[in-house]
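Worksheet for the structure shown next.
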Amino acid sequence: MTRVQLSRLPGERVLITGGGVEDQLDLAALPAYVRAREDDPAVAPRWVWDDTARWYPPLLAAGVRVARCHDLRLCRRVLRRAPAVDGRLLDGDESAHWDRLGPAAAPAHPTLFAADETSEHLRADLEDARQLAAVAASTEATRLGLLLAAESAGALAAAEMTYAGVPWRTELHERLLTDLLGPRPLRDALPPVLDELVAEVRRTFGAPGLNPESRTDLLDALGRAGVDVPDIRASTLRQVDHPAIEPLLRYKKLAHLFQTNGWTWLDEWVSGDRFRPSYQPAGSSTGRWSSNGGGALSFPVQVRSAAVADEGWVLVVADVAQLEPRVLAGMSRDSALARAAQGADLYQGMVADGAVATRQDAKLGLLGAMYGATSGESGRMVAGLTRRYPAAFALVDEAARAGERGQVVRTLLGRGSPSLGGSWDEEPDGPPSDLQALDRRRRAYGRFTRNFVVQGTGAEWALCWIADLRNRLWRLGGTGAIDRRPHLVLFLHDEVVVHAPAALADDVAAELEQAAAGAGRLVFRDFAVDFPLSISVVSSYGDAGKDKRKAGT
DNA sequence: GTGGTTTGCGCC
DNA sequence: AAAGGGCGCAAACCAC
């Protein structure tokens with residue numbers, strides 16, 4: 001595979017390097033250049049650039065789609081933390097700038113201040129050579145190479161999803177809001193239903209000026225009513241018997257909708273009947289994505305019914321049942337757990353295996369093992385399951401112990417956990433309470449590393465899944481721009497949504513399955529683990545997974 | 001006033 | 001029902 005590095009030069013120029021050849025062109029001429037090379041698979045290269053979020057959106061806007069890339073910023077971060085990489089191989093010209101590089105700002109929110117001039121014009125070819133050398137010299141070259149390719153493909157998918165957007169019916173969303181909250185209020189005012197609820201809460205508490213958002217106000221009012229609670233969480237309040245609680249909880253729920261996914265959210269994030277969130281690949285240290293605008297990874301079930309496919313199109317929604325337990329089975333090569341994972345419901349498989357009495361016990365025990373539960377029913381369940389699935393439970397326990405010793409752990413493909421900085425092994429010289437604090441910190445980091453290995457490898461499986469999927473969808477589509485073919489519009493850790501012409505729904509479903517199976521083989525090689533999908537073909541996202549929910553837990 | 005932290009709730 | 005990991009976001013809160 002040819003690699004072509006793109007670097008920005010001063011004066012809106014682009015430096016093109018690769019295969020010992022150098023060339024320059026105007027930035028404005030880049031889309032045509034890239035399109036020409038992409039059109040011929042024989043010469044389509046892997047494009048190497050500092051940041052996909054900086055290079056790809058203008059290409060997409062010009063109607064140019066790219067098959068492969070190498071995102072130097074993301075990959076450098078992976079290599080910097082990877083235990084199997086000799087960090088000295090990453091040092092060299094401009095390397096301090098590369099280390100400091102942050103993500104490019106989303107196009108919708110350009111930075112107010114110009115980025116520093118040098119970091120805009122870094123030499124991609126020099127950095128690419130360092131990264132290739134670092135991978136080649138590693139004992140984990142194959143796995144790291146896969147991780148870097150997946151990470152980069154994910155960055156392409158993220159840019160494409162932001163470009164295409166989730167089809168969104170503004171009028172449906174507005175109707176939903178008006179039904180629950182009343183008409184849209186004037187600036188700074190509360191919608192009528194919330195207004196009325198505030199009045200009711202104040203009346204019932206006999207507290208005229210009470211602010212239901214204020215912890216202090218609520219604790220005072222509850223105190224006067226003879227109720228003593230440690231906090232004002234909904235789950236705590238639900239156990240309190242007082243006539244103000246019911247309207248208060250109703251207020252909290254509706255106020256949250258109003259504040260986070262109300263009219264203001266619509267104004268800011270939905271335009272032209274598309275919701276365009278901004279993703280940040282590997283925004284979490286485990287490699288999971290985060291979202292720094294629009295809240296794509298956390299928009300509530302409540303408003304999903306406003307995501308509706310275009311006329312003649314459908315949404316194909318697929319999610320992996322119990323991704324992380326399956327990943328744990330694969331990475332630990334625990335054949336008993338892998339056997340339980342055959343079929344649609346891993347927890348039920350554990351029951352059939354005779355390991356536990358009920359599905360709920362299986363779930364509690366496995367989640368407890370992955371999250372580090374020590375007490376309660378979950379903790380007790382963990383002990384029993386350790387005997388049935390020794391390899392799986394040993395893997396997470398070893399990760400936890402490594403964390404407690406202050407050591408770095410790694411995912412299956414080699415992503416390293418962040419280290420704790422220098423103060424870890426300092427001798428505590430304070431009173432005994434400091435020792436206790438240190439111990440708590442140690443345990444907390446152990447729970448983090450315990451979860452890191454599973455969550456991080458799960459993220460790697462998911463990256464491989466969407467990386468393969470986006471190319472499969474592209475091949476399905478015939479001709480035309482990316483949003484005129486079947487294309488990804490949403491990715492939520494273990495779930496994807498594809499927007500596709502209705503006639504292609506079955507083909508999309510088949511590609512989803514094949515990509516999932518392929519991801520399992522890529523990550524776990526010869527150790528077979530099932531990754532069954534539940535797939536819904538729907539017009540409205542709100543209708544997805546209904547059967548599953550009905551049957552679930 | 002501003003900026004950073006805490007709290008509570010949404011998602012996986 | 002809560003417990004354990006990772007996030008984002010909005011408002012309250014607190015220090016400056």
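Naming convention: chains lettered A, B, ... in sequence-line order (proteins, then strands); numbering from 1 in each chain.
Side-chain contact between A/Tyr279 and A/Ser290 is absent, with no heavy-atom pair separated by less than 4.5 Å. Side-chain contact check for A/Ser332 versus A/Tyr389: every heavy-atom pair is 4.5 Å or farther apart. Side-chain atoms of A/Leu366 and A/Met350, non-hydrogen and from C-beta on, do get closer than 4.5 Å to each other.
When each of A/Glu324, A/Arg326, A/Lys363, A/Arg359 is checked for a side chain to side chain contact (heavy atoms under 4.5 Å, CB included) with A/Leu346, only A/Arg326 meets the rule.
A/Trp168 has its ring centre less than 6.0 Å from the ring centre of A/Trp265.
Note on A/Thr286: every side-chain N or O is 4.0 Å or more away from OP1 and OP2 of C/dG6. Note on A/Lys252: a side-chain N or O is less than 4.0 Å away from OP1 or OP2 of B/dC9. In terms of phosphate contacts, A/Asn261 brings no side-chain nitrogen or oxygen within less than 4.0 Å of OP1 or OP2 of B/dG10. Phosphate proximity of C/dA11 to A/Ser214: absent, as no side-chain N or O sits under 4.0 Å from OP1 or OP2. Within the 4.0 Å cut-off from OP1 or OP2 of C/dA2, not a single side-chain nitrogen or oxygen of A/Gln360 is found. Between A/Arg215 and B/dT7, a side-chain N or O to OP1/OP2 separation shorter than 4.0 Å is absent.
Comparing B/dC11, C/dG5, B/dC12 by their closest approach to the side chain of A/Ser298 singles out B/dC11. Each of C/dA12, C/dA10, C/dG5 was ranked by its minimum atom distance to the side chain of A/Gln259; first place goes to C/dA10. Residue A/Glu495 places its side chain closer to B/dC12 than to any other of C/dA12, B/dC12, C/dA2. For A/Asp494, taking side-chain heavy atoms from C-beta onward, the closest of the listed nucleotides C/dA11, B/dC11, B/dC12 is B/dC12. Ranking B/dC11, C/dA2, C/dG6 by closeness to the A/Val301 side chain, first place goes to B/dC11. Checked against C/dA2, B/dC9, C/dG5, the side chain of A/Arg447 finds its nearest nucleotide in C/dG5. If you check C/dG4, C/dA2, C/dG6 against the side chain of A/Asn451, the one that comes closest is C/dG6. Distance from the side chain of A/Ser235 is smallest to C/dA2 among C/dA12, C/dG8, C/dA2.
If you check every strand for non-hydrogen atoms under 4.0 Å, A/Ile232 touches sugar and phosphate atoms only. Contact annotation for A/Gly293: backbone-only contact, meaning every heavy-atom pair under 4.0 Å involves sugar-phosphate atoms and none involves a base. Contact annotation for A/Arg238: no contact, since no heavy-atom pair falls under 4.0 Å across all strands. Contact annotation for A/Ala296: no contact, since no heavy-atom pair falls under 4.0 Å across all strands. A/Gln302 comes within contact range of no nucleotide atom at all, as no heavy-atom separation falls under 4.0 Å. As judged by a 4.0 angstrom heavy-atom cut-off over every strand, A/Glu213 is placed among residues touching the sugar-phosphate backbone only.
Between the CD atom of A/Gln280 and the P atom of C/dG8 there is a distance of 8 Å, rounded to whole Å. Here the C1' atom of nucleotide C/dA11 and the CZ atom of A/Phe258 are 13 Å apart, to the nearest Å. Rounded to an integer number of Å, the gap from NE2 of A/His493 to P of B/dG10 is 16 Å. Rounded to whole Å, the distance from CG on A/Asp361 to P on C/dA3 is 19 Å. Rounded to an integer number of Å, the gap from CZ of A/Arg233 to C1' of C/dA1 is 14 Å. Distance CG (A/Leu367) to C1' (C/dA1): 15 Å, rounded to an integer number of Å. In this structure, A/Met370 places its CE atom 15 Å from P of B/dC12, rounding to the nearest Å. At whole-Å resolution of the value, CG in A/Asp231 and C1' in C/dA1 are 14 Å apart.
Each of A/Thr216 and A/Gly294 was matched to the nucleotide of DNA chain C holding its nearest heavy atom; the match closer to the 5' end belongs to A/Gly294. Comparing A/Ser285 and A/Gly368 along DNA chain C, the residue whose closest nucleotide (by nearest heavy atom) sits nearer the 5' end is A/Gly368.
Between A/Trp461 and A/Trp465, the ring planes lie tilted relative to each other; the angle falls in the 30° to 60° range.
For the residue pair A/Glu200 / A/Tyr251, no side-chain donor-acceptor distance below 3.5 Å is found, with atom types taken as modelled.
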